Amino acid sequence: MSADVILVIVIATALVFDFTNGFHDTANVVATAISTRAIAPKPAVAMAAVLNFVGAFISLKVATTIAKGFVDTTAITTTVVFAGLVGAIAWNVITWYFGLPSSSSHALIGGLVGAVIAAQGFAAVNGDGILSNLIVPAVVAPPIAFVVAGIAILIVYRIVGKLRPGPVGRGFRLSQLASSGLLSLSHGTNDAQKTMGVITLALVANGDLSAKGFHVPDWVVIASATAIALGTFVGGWRIIKTLGTRIIKMDVAQGFAAQAAGATVILAASGAGYPLSTTHVISGAIMGSGAAKQVSAVRWGVAGNIVTAWALTLPAAAIMGAAVYAASKLFGNGAIGPLVISLAMLVTLAAVFIRRLQQASPAPVVP
Amino acid sequence: MIAAVINTDALVKMAYSSVLAGVAVAVVVSIAILGLTRSSEMRREHRAGAAAAYTAAAAVGLLLAVAIVIYGLILVAHKT
């Protein structure tokens with residue numbers, strides 16, 4: 001009975017994480033298109049929501065590999081999964097509060113790693129897997145996107161720089177619709193599946209599914225796709241504002257260069273079998289498209305805050321995941337701990353959202 | 001030790017294919033826009049030959065851009 005209650009709490013928490021993932025990462029795929037007026041804010045977010053939903057159904061390969069390679073999967077219990085999710089949600093909400101684009105995937109893996117360390121010690125963590133699949137891509141992806149976007153904007157200015165701005169702007173805005181669509185679809189195939197993988201892991205840990213022939217149940221796919229699409233539709237306007245207007249004041253060609261560079265780097269990485277964070281790639285591309293035009297055009301202070309948030313994501317989410325696991329264990333091995341922590345989390349989330357709504361209008365600002 | 005852990009081949013492949021793909025997208029979309037803009041200007045100036053050449057350039061650019069998007073969709077669908 002107690003195990004089933006914990007499982008229900010874990011599934012609900014996973015869907016809350018999926019929702020925060022949606023509204024937190026919406027910015028990645030639509031911020032530049034909104035800021036260059038390629039598409040109005042609400043249709044942009046609606047398009048991203050629909051394509052995230054569709055993307056979640058395209059492939060289930062990511063869902064079946066979540067956590068594998070980062071931690072010893074035999075160390076995973078429903079309480080560990082719960083603690084990892086709460087750690088990731090906490091970090092997502094903190095970075096959203098300050099309008100900082102950070103990786104939800106890194107937060108999720110960081111939270112799980114921290115909870116596993118608290119439960120089983122450092123021996124249960126696969127350091128090589130974290131280095132090769134998480135840290136190296138995080139370090140390499142933004143500079144590559146920066147360089148690609150920089151080269152792209154220089155080529156664009158060279159070819160169309162002397163043309164009348166009207167038709168050129170229309171052409172690049174149309175191109176941004178295509179790259180936004182691709183990014184949204186790609187995001188759906190990645191991020192919704194991480195939640196599916198976490199829920200499926202919890203079902204296996206609880207004995208509801210067999211560990212052999214690991215498969216994701218249909219209701220898990222539908223619930224996860226719906227949660228991320230709803231979160232995307234709600235939209236993370238604060239992060240959209242940061243990416244769209246605060247790093248650089250971008251023109252329509254820079255918006256195109258940044259988004260095209262982001263999409264090509266992510267897809268090239270998919271082709272090479274290398275996992276990248278959409279957040280890191282798009283942020284690096286925006287900085288590159290600004291710096292190639294004029295180095296001083298990039299607000300390096302804002303860029304520095306974003307990079308600091310990236311560096312802190314893994315350890316901060318891990319510390320929170322470990323702390324939640326320890327706090328849960330204070331109440332024993334039953335469902336009381338997760339129940340108390342879930343209620344505390346919901347109250348805190350409500351307070352944070354209400355405070356933010358009172359402080360500022362949620363509508364995005366376009367230049 | 002770190003080098004043994006990192007998949008260097010995939011990293012190098014990702015780096016050069018990102019640069020090539022990014023440059024290709026920038027070039028084909030810019031050529032499509034250049035072709036469309038210049039062809040309408042040439043038509044207004046009654047220079048049929050130049051207008052046809054720019055229209056052809058625009059068509060090639062658009063076709064290549066669409067091909068890149070379709071290839072991108074295929075990559076998304078086969079993501080591992």
Side-chain angles (χ1 to χ4, degrees), chain A residues 55 58-59 61-62 65 127-129 131-133 136-137 140-141 144-145 147-149 151-160 163-164 166-168 170-172 174-175 178-179 181-182 185-186 188-190 253 256-257 260-274 276 285, chain B residues 1-44 54-55 57-80:
Chain A
I58 287 179
S59 165
K61 288 176 181 169
V62 175
T65 55
D128 289 354
L131 181 66
S132 63
N133 292 324
V136 169
V140 168
I144 290 178
V147 169
V148 173
I151 295 171
I153 191 63
L154 292 176
I155 290 171
V156 166
Y157 284 148
R158 182 86 183 165
I159 297 176
V160 303
L163 298 176
R164 286 184 295 120
V168 171
R170 280 195 293 277
F172 284 133
L174 201 62
S175 307
S179 52
L182 266 182
L185 205 60
S186 175
T189 60
N190 253 333
F256 160 75
T264 51
V265 170
I266 288 165
L267 294 173
S270 293
Y274 225 82
L276 293 187
Chain B
M1 181 196 165
I2 290 176
V5 173
I6 298 167
N7 186 349
T8 316
D9 288 345
L11 198 63
V12 171
K13 187 182 172 192
M14 179 194 71
Y16 75 73
S17 54
S18 293
V19 174
L20 289 177
V23 168
V25 169
V27 168
V28 298
V29 172
S30 298
I31 285 175
I33 292 171
L34 173 78
L36 287 171
T37 308
R38 284 274 191 243
S39 64
S40 64
E41 288 173 359
M42 294 299 121
R43 270 196 296 276
R44 275 198 299 275
Y54 276 117
T55 303
V60 171
L62 281 173
L63 280 175
L64 288 173
V66 170
I68 288 169
V69 170
I70 291 170
Y71 182 62
L73 286 172
I74 292 168
L75 279 179
V76 168
H78 290 90
K79 189 179 285 185
T80 55

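Numbered from 1 within each chain, the chains take letters A, B, ... in sequence-line order. Bear in mind the structure is a predicted one, so any value in this text is a computation, not a measurement.
- For the residue pair Val148(A) and Gly22(B), the shortest heavy atom distance occurs at CG1-CA, 3.7 Å.
- Heavy atoms of Val140(A) lying under 4.5 Å from chain B belong exclusively to its side chain.
- With a 4.5 Å cut-off on non-hydrogen atoms, Ala257(A) does not touch chain B at all.
- Each of Val29(B), Val27(B), Asp9(B) has some count of heavy-atom pairs under 4.5 Å with chain A, and the biggest count is that of Val29(B).
- Heavy atoms of Phe256(A) lying under 4.5 Å from chain B belong exclusively to its side chain.
- In terms of heavy-atom pairs under 4.5 angstrom with chain A, the leader among Ala21(B), Ala32(B), Ser30(B) is Ser30(B).
- The structure places CG of Asp128(A) at 7.0 Å from CG of Leu131(A), a figure rounded to the nearest 0.5 Å.
- Between Ala149(A) and Ala285(A) the shortest heavy-atom distance is CB-O, 3.1 Å.
- Interface residues of residues 60-70 of chain B toward chain A, defined by a heavy-atom distance below 4.5 Å and sorted by number: Val69(B).
- Every residue meeting the side-chain contact (heavy atoms from CB on, under 4.5 Å) condition with Leu163(A), not counting sequence neighbours, appears here in chain and number order: Val160(A), Val168(A), Leu34(B), Thr37(B), Arg38(B).
- Considering every non-hydrogen atom in both Ala253(A) and Val156(A), the closest pair reads CB-CG1, 3.9 Å.
- No side-chain heavy atom of Met42(B) sits less than 4.5 Å from a side-chain heavy atom of Ser39(B).
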